[in-house]
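Only one structure is covered here, and it is reproduced in the block below.
Note that this is a predicted model, so its numbers are computed, not measured. Protein chains get the first letters and strands the later ones, always in sequence-line order, with residue 1 at the start of each. We use all heavy atoms of the structure for the numbers below, so side chains are in, but hydrogens, waters and symmetry mates are not.
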Amino acid sequence: MPELPEVETTCRGIAPCLEGKTVEAAIIRQAKLRWPVTRGLAKKISGALIEKVTRRGKYILIETTSGVLMMHLGMSGSLKIVPSKQLSEKHDHFDLVLAGGKALRFTDPRKFGSIFLIKKEDLGQHKLLKNLGPEPLDDGFSVEYLYQLSRNKKVAIKTFVMNSHNVVGVGNIYANEALFRAGIKPDRPAGKISKARYGVLVEEIKTVLAEAIKQGGTTLKDFTGSDGKPGYFKQELQVYGRAGLPCEVCGKPLKEIRMAQRSTVYCAQCQK
DNA sequence: CAACCGCCCTGGGAGC
DNA sequence: TGCTCCCAGGGCGGTT
């Protein structure tokens, strides 16, 4: 499942293949995704020049002279560069066909992803973007920021950091990992955690994401070749997916609880 | 407003 | 081996 590091890796992988290219056509095979694909997208984007590929949270933004193509990979989505003549498979819902024989192909078995075409001037006001919190790796995501925001909040710290209004891009896996590294019990109320502990948490969130992005670099090399190869960061995970297995620090079996319908794994000994 | 839950979807694993 | 069941989960939108 693409978390922020994978989205970042995807952006870095596809950007050189897209920037400066002209869009010949867009092929929409499945318009029914998490939300309907923007009406008339194919017609509107044909002939556009791709200027820049960026990212906001987990939204990939492909800026063109005809508007911004905004894509979210949801749970199971991926993007790759393929020869435009390559036959599509069952879950290949969208192609952005480029001049020169290649295409950007969007694949998403569970259809939790989304694709929009937005006017550049409307981007900041788009409902999916306008309420997003700071980027976790930016300086705006600081101890002061998170600590102040957390005051008087009763919500559990894990739910708090996974809320994209507070900070973007911290999904279930990295929330679990960062809390373990910071030694904070996931169900502790956000408003009752000291500033010093927020200092540790903010650092661990940044570190774990940065490390995962670095690992993504390995995938980057053959990005256009095969699929996104899930699990490249898997060997680094200390708690996620390890319920019942011994804590790598103290050896006690890791516990699993459900928080907001999400699997939550922690060490009762190391996390307080 | 906060807290919570339902929902969108399908592959894969467990259980029988 | 094949069926059925259930779970994974980002994130919005609706309800309480």
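- Each end of the helix from B:dA2-C:dT16 to B:dC16-C:dG2 gets its own axis, taken as the rotation carrying the C1' atoms of four end pairs onto the next four within a five-pair window, and the two axes meet at 50° to the nearest 10 degrees.
- Applying the 6.0 Å contact sphere to NZ of A:Lys85 captures no more than 12 heavy atoms from other residues, nucleotides or ligands.
- Note: CG (A:Leu149) to C1' (B:dC1) measures 14 Å, nearest angstrom.
- In terms of phosphate contacts, A:Tyr59 brings a side-chain nitrogen or oxygen within less than 4.0 Å of OP1 or OP2 of C:dC12.
- Relative ring orientation between A:Tyr147 and A:Tyr198 is described as perpendicular, the plane-to-plane angle rising above 60° on a 0-90° scale split at 30° and 60°.
- For the pair A:Arg55 and A:Glu8, the salt-bridge criterion is met [side-chain N within less than 4.0 Å of a carboxylate O].
- Applying the 4.0 Å criterion to OP1 and OP2 of C:dG11, one finds that A:His165 has every side-chain N and O outside that range.
- Residues A:Leu18 and A:Lys52 are not in side-chain contact: their nearest non-hydrogen atoms beyond the backbone lie 4.5 Å or more apart.
- The distance between atom NZ of A:Lys58 and atom P of C:dG10, rounded to the nearest whole Å, is 6 Å.
- Going from atom CE of A:Met70 over to atom C1' of C:dC12 covers 12 Å, rounded to whole Å.
- At the phosphate of B:dT10, neither OP1 nor OP2 sits under 4.0 Å from any side-chain N or O atom of A:His91.
- The side chain of A:Tyr174 contributes no N or O atom lying less than 4.0 Å from OP1 or OP2 of C:dG9.
- When every heavy atom of A:Asn172 is checked against every heavy atom of A:Lys158, the shortest pair comes out as OD1-NZ, 2.7 Å.
- Salt-bridge annotation for A:Glu177 and A:Arg181: absent, with no side-chain N of the basic residue lying under 4.0 Å from a carboxylate O of the acidic one.
- Look at NZ on A:Lys127: it is 9 Å from P on C:dC12, rounded to the nearest Å.
- Rounded to whole Å, the distance from CD on A:Glu89 to P on B:dT10 is 16 Å.
- If you measure from atom CE of A:Met75 to atom P of B:dT10, you get 14 Å, rounded to the nearest angstrom.
- Here A:Leu73 lies out of heavy-atom contact (under 4.0 Å) with every strand.
- The separation between A:Arg258 atom CZ and C:dC6 atom C1' is 11 Å, rounded to whole Å.
- Between A:Glu211 and A:Lys206 no salt bridge is recorded (no basic side-chain N to carboxylate O distance below 4.0 Å).
- Within the 4.0 angstrom heavy-atom criterion, no nucleotide atom of any strand lies near A:Thr159.
- The interatomic distance linking A:Met162 (CE) with C:dG9 (P) rounds to 9 Å, in whole Å.
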TODO: Using a 4.0 Å cut-off on protein heavy atoms (strictly under), produce a 5'-to-3' string for nucleotides 3-9 of chain B with B for base contact, S for backbone-only sugar-phosphate contact, and - for none.
DONE: S--B-BB

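- Using bins of under 30°, 30° to 60° and over 60° for the plane-to-plane angle, the ring pair A:Phe116/A:His126 lands in the perpendicular bin.
- Sorted by first and then second residue, the salt bridge (Lys or Arg N to Asp or Glu O under 4.0 Å) pairs with a member in residues 192-201 of chain A form an empty list; sequence neighbours excluded.
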